Amino acid sequence: MTYLYFPGCSLRSTGRAYEESLLAVCRKLEIPLHELDDWNCCGATAYVSIDETRAFTLAARNLAIADHLPQPDGSDPQILAPCNACYMVLAKTHHFMESNAEVRAHVSTALHAGGMTYTGQTRVRHPLDVFVNDFGIDRIAKKVVHPLKGFRVACYYGCQVVRPFSEFDHPVYPMTMDRLVTALGAESVDWPMKTRCCGGSLTGTIQEAGFRLNRALLKEATKRKANIILTCCPLCQHNLECYQQRINRRYGETINLPVAYFTQFMGLALGIPAKELAIQRLFKPPLSPAPAGKQEIHAHA
Amino acid sequence: MPDTDSSHPLRIGFYICHCGHNIAGTIDVASVAHYAAALPHVSVAREYKYMCSDPGQELIQKDIRDLELNRIVVASCSPLLHEHTFRQAVEKGGLNPFFFQMVNIREDVSWVNDNPAAATVKAKDLARAAIFRVSHHRALDKKHVSIHPDALVVGAGIAGIHAALTLANAGKKVTLVEREPTIGGHMAMFDKTFPTLDCAACILTPKMSAVRNHPNIRLLSYSEVKVVGGYVGNYKVTIRRKPRYIKEELCVGCMECIEACVYKEGKTPDEFNQGLSKRKPIYIPFPQATPQVVVIDPATCIEFKSGHCKKTCVSVCDRGAVDFSQKEETIDIDVGTIILATGYATFDPKRLPYYGYGKYPNVYSSLEVERLVNASGPTAGELILRDGRHPKTVGIIHCVGSRDRNTNRWCSRTCCMYSLKLAHLLKEHTEAEVYNFYIDIRAAGKSYEEFYDKLLEENIHFVRGRVAEVTDWAARPSEEGKLVIRVEDTLIGVVRRVPVDMVVLAVGMEPSADAQDVRRMFNISCSTEGFFLERHPKLAPVDTFTDGIFIAGACQGPKDIPDSVAQAGAAAAQALTLIDTGEVELEPNTAYIAEEFCSGCKSCLGICPYTAITRDEIKGKAFINEALCKGCGTCVAACPSGAIRQHLFEDDQIFSEIDGILADDNLTTAGVER
Amino acid sequence: MMLPVPPAMRASAAKSPPPMKTVVRRIKFESELDLAFGERVAERAYGQKLLSCIQCGTCSATCPLSHYMDYTPRKIIAMTREGFKDEVLNSLTIWLCASCYSCQVQCPRQIHITDVMYALKREAIARGFYPAHHPIPVLARSFYERVFAQGRNTESRLLITLYLRTNPLVMLREAFLGFHLWRKGRLSLKKESIAGRKDLRKMLNAVEHGKKEEPL
């Protein structure tokens with residue numbers, strides 16, 4: 001099974017560390033990826049605010065490209081979309097193309113104008129789902145060479161990875177990432193904010209609202225003695241990491257938490273060198289919480 | 001020329017009913033009558049406002065006499081409602097009641113059609129089909145079966161207890177089967193009852209001991225019905241008695257064996273106390289348990305697990321009631337009627353993880369709180385939380401697992417009232433601030449609204465809004481160490497965060513986990529929600545589609561105690577009606593074997609859903625028990641040699657009806673003669 | 001003898017008395033409502049479930065942004081259903097929705113609330129029912145134009161466009177963060193685009209002829 005990798009726009013800029021670490025982990029686990037040819041932007045949440053049918057068409061073009069690439073073993077082509085927004089939008093489009101005749105008719109006509117068709121074969125998957133449910137958590141556990149003992153992880157799923165078109169975990173209290181980090185030797189911190197929205201692009205538009213959402217997440221993770229937040233979405237990672245200092249200044253907080261991608265964390269446990277995991281691209285690399293003190297992980301990786 | 005069972009030529013009477021506006025509002029009834037009058041063999045066609053009224057029925061009888069009619073067709077409502085009425089009218093007029101055919105032009109035509117012209121055409125088509133068909137009807141005899149006077153009641157919660165006592169007091173022998181070691185059901189677990197606040201045990205236990213002592217009631221506790229065979233009036237039931245490992249007839253309930261058990265403390269979550277306390281392997285569910293007989297749980301008893309227990313329970317019992325060798329028993333009984341009162345299950349709040357049940361210790365289900373405030377409960381009625389604290393603020397969340405398309409769509413009907421009751425009791429026990437978070441308050445029973453009124457004056461908080469989450473996320477110092485309830489106060493239009501010490505989830509009522517198995521065993525139906533289906537939602541609320549089987553209590557749908565008791569009484573009355581009539585008339589639409597064609601291939605045996613077909617080994621032919629046959633027609637269709645036929649659904653009857661449907665609309669006199 | 005003055009009184013004594021509140025006449029005449037609005041929005045947001053709302057407020061309580069909204073999501077549903085079209089389309093609520101779908105997954109009536117918000121946003125944008133330079137609709141439109149033309153979004157360029165069109169001063173505030181991201185290799189000004197741009201535009205333009213939403 002080769003997954004059709006759909007990076008999405010963010011993984012080519014702010015989310016580069018996500019792309020690099022994801023690819024490194026897939027290489028390590030020998031999960032074959034093939035980048036979807038000439039993929040286009042999924043449309044995110046903004047496109048549908050202007051024109052819904054066009055938004056569906058935009059996303060459906062990607063599904064249509066994959067649609068023509070059935071697997072050698074006859075199974076359905078699977079798109080691997082690491083960004084929560086891409087994942088949700090592509091999954092939603094697939095859902096509506098299957099279940100809503102009107103959407104299907106309009107979008108098919110539009111695709112046809114550009115010489116494409118979508119027959120509904122494509123499955124949309126998130127790496128979290130693929131690693132844990134396809135590859136298998138036990139197999140991952142067996143490949144761990146640096147158990148990440150001492151890490152207290154606040155698993156932050158964000159919103160769109162588990163709802164409403166996703167089926168691999170509970171939409172309010174998911175556990176997939178928690179189970180994964182436990183298998184990597186770390187401890188997952190139980191907190192009630194794991195799917196509470198980071199505000200998405202509000203940090204760039206209505207900053208007060210966006211900052212307060214992130215502040216609540218960061219404060220609560222700190223309070224529960226997490227020493228790292230892991231995310232599975234480029235926008236969540238950006239918001240939680242990049243605005244920490246400004247949140248501290250604005251609200252008089254003293255938050256100081258590394259925010260990394262779960263793929264980087266996996267890579268460290270699997271013994272992949274920090275550089276390949278783009279640890280250096282984080283503002284604040286995850287610190288080894290081992291008794292030795294503030295030894296940076298990539299020093300021994 | 002079809003067989004008329006008489007020397008007279010066919011003379012058909014056709015009657016179409018207006019049913020007020022129900023039919024005549026859409027269908028041009030005069031035109032249908034006029035059309036029918038011109039059809040072959042129709043001697044008279046009339047329209048009338050209400051055919052089911054006495055004058056309507058008399059019209060038919062008069063025409064039979066005066067015009068010498070020998071076939072009757074009535075076009076009106078569903079046969080489910082009035083087929084019986086018209087058959088009786090036909091019989092009173094002097095004809096065999098099965099020389100009659102009914103056409104449903106209300107449910108099938110006028111109610112589902114808003115185009116009068118099309119509806120009228122369809123009514124004519126259906127009328128024509130019935131007129132063609134009725135020519136082929138034959139005279140049939142009514143069959144009767146006798147009713148065994150004994151009854152079975154399944155489930156001994158308040159509904160089963162009340163039904164059993166009603167029957168027993170009327171002099172009928174009743175077998176009462178209860179799955180648990182004691183009778184009493186959910187009601188025995190409740191503390192007080194709304195709206196009167198009388199104690200549940202005080203009003204229930206007298207009825208429980210009445211059951212125990214009634215000469216007409218045979219109580220089989222810790223037992224389950226395993227097999228049900230037979231038919232109305234003549235059910236054969238096999239009951240499995242689980243071993244208690246205690247000789248019920250010797251045990252007097254002194255409980256010295258429990259005291260003497262090698263376990264000094266209980267280790268197993270106590271089912272009756274909802275796991276809030278621990279019990280020993282040898283136990284009695286609660287002080288007033290009926291029968292007052294202990295039970296041994298083999299899953300936790302050392303003797304069963306290792307075979308090396310000191311068996312202090314055996315040595316302390318001077319009556320020799322402990323019996324580790326006891327085996328499961330089966331009992332076969334014959335009964336004429338059955339009342340199902342198998343109760344309900346409470347919604348498992350773990351299905352809604354955002355309410356934190358099972359995660360935060362101080363989140364309770366309402367049933368747990370019933371035990372917690374009860375004087376004979378795990379804390380002797382003192383309100384101590386799982387973490388040892390006394391609550392200063394309590395939040396009661398309504399509609400947990402009710403009115404929600406993601407879980408259960410229905411309103412559980414009892415939660416509003418029991419939440420009010422618990423609010424009152426919690427306030428009384430703790431003087432805490434008590435909040436009710438509700439969507440709508442449903443207090444429609446007698447004296448219920450007055451109870452709500454009283455609660456409002458007790459200064460209980462009522463916040464209108466469905467709670468979105470319960471967390472331990474403290475956003476303010478005042479929320480530290482609390483459970484925070486997040487809700488929109490919809491009457492004010494603001495999202496509120498309410499920190500509390502204790503959360504009570506008012507869980508809804510849903511069908512028991514094995515309701516589908518029970519349904520299949522008793523051959524009754526369930527509604528889409530999974531509750532047992534009554535024969536008619538308004539007019540036959542305790543009957544089922546299987547004659548002689550009745551339902552009572554919350555197995556039919558969410559219900560409070562007064563309604564369960566009322567329904568149990570109604571079910572008992574229906575059973576008594578059958579028993580005292582002594583016999584029941586069967587529908588004659590049964591299948592029968594044309595023996596000369598039967599090859600004895602047995603293909604029909606396995607497919608009969610009512611196990612009505614057996615094989616006569618001497619003749620080598622199939623045999624149909626008419627009392628068991630429900631006339632479903634499965635065997636008729638399946639028989640490879642066409643040897644199975646069905647009264648009222650003979651081939652010529654069905655083909656003539658099809659011919660009628662397909663015949664040309666403009667047909668007048670041709671067509672019937674084939 | 002001096003009595004201790006309660007802090008509240010002291011504070012109010014120090015300030016000038018609050019200005020007298022002006023009375024506001026608030027009444028709604030049926031003739032001002034658009035009674036079919038609810039059904040039209042429901043249709044655009046996939047199904048009649050919108051009309052089955054029981055006003056329980058789960059959406060508002062689960063919404064992480066409802067405390068910034070002028071009307072809670074529940075009220076938006078109520079007002080939509082009852083035809084308060086102008087109020088709904090002029091509300092701040094629809095712009096604050098971050099599409100996290102938490103209301104939708106918890107709604108006991110399974111109303112597609114996020115899609116309702118999208119439908120209302122589209123209508124408001126189409127009619128220009130938003131404050132000039134409001135960053136959210138501007139961001140949506142800039143994003144839309146960029147992806148329409150290039151097939152992909154370039155985050156850095158999108159943000160620059162947004163700031164230029166709304167409040168250029170913000171750009172100064174964000175420049176520092178931009179510099180940091182650039183140093184970490186997380187900011188690229190290179191314009192992203194796809195090879196099949198022409199065909200994509202054909203597809204998107206075909207929608208124009210296919211399904212164009214009528215004004216609500």
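Model, not experiment: these values are computed from the prediction. A note on names: the letters A, B, ... follow the listed sequences, proteins ahead of strands, and every chain is numbered from 1.
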Main-chain N/O of Ile50(A) paired to Lys121(C) side chain as donor or acceptor, under 3.5 Å: no

Expected output: side-chain Asp38(A) to main-chain Ile194(C) donor-acceptor under 3.5 Å: no

Per-residue contacts, residues 69-78 of chain C versus chain A, heavy atoms under 4.5 Å: none

Carboxylate-amine/guanidinium contact Glu174(C) Arg246(A), below 4.0 Å: yes

Segment of Phe148(C) engaging chain A (4.5 angstrom heavy-atom cut-off): both

Chain C contact via Tyr18(A) - side chain, backbone, both or neither, heavy atoms under 4.5 Å: neither

Ile125(C) portion near chain A, given a 4.5 angstrom heavy-atom threshold: side chain

Any donor-acceptor N or O pair under 3.5 Å, side chains Ser99(C), Gln160(A): no

Closest-packed option against chain A by number of heavy-atom pairs under 4.5 Å, given Val138(C), Leu187(C), Asp199(C), Asn153(C): Asn153(C)

Proximal component of Arg146(C), with respect to chain A [non-hydrogen, under 4.5 Å]: neither

Asn100(A), part contacting chain C, at a heavy-atom distance under 4.5 Å: side chain

Side-chain (Arg16(A)) to main-chain (Gly185(C)) donor-acceptor, under 3.5 angstrom: yes

Arg183(C) NZ/CZ over Phe283(A) ring centroid, <6.0 Å and within 45° of normal: no

Glu52(A)/Arg122(C) ion pair, N-O < 4.0 Å: yes

Contact origin within His134(C) toward chain A - heavy atom pairs under 4.5 Å: side chain

Under 3.5 Å donor-acceptor, Arg281(A) side chain and Arg186(C) backbone: no

Gln106(C) versus chain A, the contacting section by heavy-atom distance below 4.5 Å: side chain

Atom group of Leu159(C) that falls short of 4.5 Å from chain A, counting heavy atoms: neither

Residue selection (most heavy-atom pairs with chain A, distance under 4.5 Å) from Lys202(C), Arg201(C), Arg152(C), Met117(C): Arg152(C)

Top contributor to chain C contacts, counting heavy-atom pairs under 4.5 Å, from Gly115(A), Cys159(A), Ala55(A): Cys159(A)

Residue part contacting chain C, namely of Gln207(A), when any heavy atom lies under 4.5 Å: side chain

Mutual orientation of the aromatic rings belonging to Tyr47(A) and Phe143(C) [parallel < 30°, tilted 30-60°, perpendicular > 60°]: perpendicular

Donor-acceptor pair, side chain of Arg54(A) and main chain of Leu204(C), under 3.5 angstrom: yes

